[in-house]
Amino acid sequence: MDSLTFVGTATTILRLGSFTVLTDPNFLHRGQRAYLGKGLWSRRLTEPSLQPSELPPLDLILLSHLHGDHFDRIARRDLDHSVPLVTTEAGARRLGRHGFQAQGLPTWERSVTAKGEETLTVESVPGIHARGLMGVLLPPVMGSIVEHRVAGKVRRRLYLGGDTLTGTHLDEIHRRHPDIDLAVVHLGGTSVLFHTVTMDAAQGVDFLRRVQPARALPVHYDDYRVFRSPLRDFVTELARSGLPVPIRTPGRGETVDLDDAWG
């Protein structure tokens, strides 16, 4: 069974065939603070559904960017440093200094993991965390196309948006990948120094309009004080838009079967 388990924030466990992938590992407890850079912190409001010691054996760690609410001090200390980790070039340089087997992907480049007839490909796609001066201050971010193949045939193609804003860069992703089975959408309307640096409800709907995935699953919407746009606003905005994109909104610790039909 292919599945996605929602741990909290943007942390998920993906099971695709025989591969198990951990995304954006954030294990801080409720009340602890995530460091966001430039002297900025935000306190966590929620509790993740598990800790590193409770993870299944992993084939890959996939990190959209090196930010305190996506890769924290618990992850750095307790994750298995020998598990391959794919992230941005900047993130890989820093994590390599901490002993992780980190590979940095330039935009549109790919990393391939093989098991017998199965392959798991991660392709780095453009992401914009912020625009203007704030875009310079925040760490580089990437989205990821995750493609699972068996004997050369594509079984499933996912798009993990990362902390990107919506915009025309998504149109090129759709042109190259018009048949995305599932988009994992980072929301929250995060506000830092009066700048919105993750998508709010309206941007999230525009993201889906541009990417046109078959299905979508929102994450990253209520875990920190800097998140300003609740999940209910996105659900309402999507219903109002009339876009025919089914969504699932799992609770923390809940596993979604990706083989099920979503209505």
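Heavy-atom basis, side chains included; hydrogens, waters and symmetry copies ignored.
- Note: Asp163 CG to His129 NE2 = 4.0 Å, rounded to the nearest 0.5 Å.
- The CG atom of Asp233 sits 9.0 Å away from the CZ atom of Arg240 when rounded to the nearest 0.5 Å.
- Considering Met142, Arg157, Arg110 in turn, Arg110 is the only one that fulfils the side chain to side chain contact (heavy atoms under 4.5 Å, CB included) rule with Glu123.
- Around the CD atom of Glu117, the shell of radius 6.0 Å holds no more than 12 heavy atoms that belong to other residues, nucleotides or ligands.
- Between Leu50 and Phe27, the shortest heavy-atom contact is O-CD2, 3.4 Å.
- Side chain of Thr87 to backbone of Leu63: a donor-acceptor contact under 3.5 angstrom is found.
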Counting only pairs under 3.5 Å, give me each side-chain donor-acceptor contact of residues 256-263, with atom names and distances, residues two or more places apart or in other chains.
{"from": "Asp257", "atom 1": "OD1", "to": "Asp259", "atom 2": "N", "distance (Å)": "2.8"}
{"from": "Asp259", "atom 1": "OD1", "to": "Arg156", "atom 2": "NH2", "distance (Å)": "2.4"}
{"from": "Asp259", "atom 1": "OD2", "to": "Asp2", "atom 2": "N", "distance (Å)": "3.2"}

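- One finds no salt bridge joining Glu89 and Arg93 here, because no Lys/Arg side-chain nitrogen approaches an Asp/Glu carboxylate oxygen to under 4.0 Å.
- A continuous path of Ile, Leu, Val, Met, Phe, Trp and Tyr side chains, each step under 4.5 Å between heavy atoms, connects Val125 with Leu182, placing both in one hydrophobic cluster.
- Across all their heavy atoms, Thr164 and Ile128 have their closest contact at OG1-N, 2.9 Å.
- For Arg155, the CZ atom counts as densely surrounded, since its 6.0 Å shell holds more than 12 non-hydrogen atoms of other residues, nucleotides or ligands.
- Residue Arg232 places its CZ atom among 12 or fewer non-hydrogen atoms of other residues, nucleotides or ligands, all under 6.0 Å distant.
- A donor-acceptor contact closer than 3.5 angstrom links the side chains of Asn26 and Asp72.
- Applying the ring pair (Phe, Tyr, Trp, His ring centres under 6.0 Å) test to Phe71 and every residue at least two apart in sequence or in another chain returns Phe100.
- Taking the charged nitrogens against the carboxylate oxygens, Asp222 and Arg252 do have a contact shorter than 4.0 Å, which makes a salt bridge.
- Under the 30°/60° scheme for interplanar angles, the aromatic rings of Phe19 and His148 are found to stand perpendicular.
- Between the OG1 atom in Thr255 and the CG atom in Leu4 there is a gap of 8.0 Å [rounded to 0.5 Å].
- One finds no salt bridge joining Asp171 and Arg175 here, because no Lys/Arg side-chain nitrogen approaches an Asp/Glu carboxylate oxygen to under 4.0 Å.
- Heavy atoms only, all atoms of each residue included: Ser144 and Leu62 are closest at OG-CD1, 3.6 Å.
- Side-chain polar atoms of Thr5 and Arg15 form a donor-acceptor pair below 3.5 angstrom.
- Across all non-hydrogen atoms, the minimal contact from His220 to Thr190 is CE1-OG1, 3.7 Å.
- Within the 3.5 Å criterion, the main-chain N or O of Leu28 finds a donor-acceptor partner in the side chain of Arg44.
- Between Thr9 and Asp69, the side chains place no donor N or O within less than 3.5 Å of an acceptor N or O (distance only, hydrogens not considered).
- Side-chain contact check for Asp223 and Thr46: at least one donor-acceptor pair (N or O, by modelled atom type) lies under 3.5 Å.
- Here the CG atom belonging to Asp200 is positioned 8.5 Å from the CG atom belonging to Leu187, to the nearest 0.5 angstrom.
- Annotation: His186 is in aromatic contact with His70 [ring centroid separation under 6.0 Å].
- Counting only heavy atoms from C-beta outward, the side chains of Leu160 and Ser64 never approach each other to under 4.5 Å.
- Under the 3.5 Å distance criterion, the side-chain polar atoms of His81 are matched with a main-chain donor or acceptor of Leu79.
- With rounding to the nearest 0.5 Å, the separation of OH in Tyr159 from CG in Asp181 is 15.0 Å.
- Under the 4.5 Å side-chain criterion, counting only non-hydrogen atoms from C-beta, Ser42 is in contact with Arg225.
- Annotation for Arg209: atom CZ counts as buried by contact number, over 12 foreign heavy atoms lying within 6.0 Å.
- Closest heavy-atom contact between Val86 and Val122: CG1-CG1, 4.1 Å.
- For the atom pair CG (Leu231) and OG1 (Thr236), the distance works out to 9.0 Å, reported to the nearest 0.5 Å.
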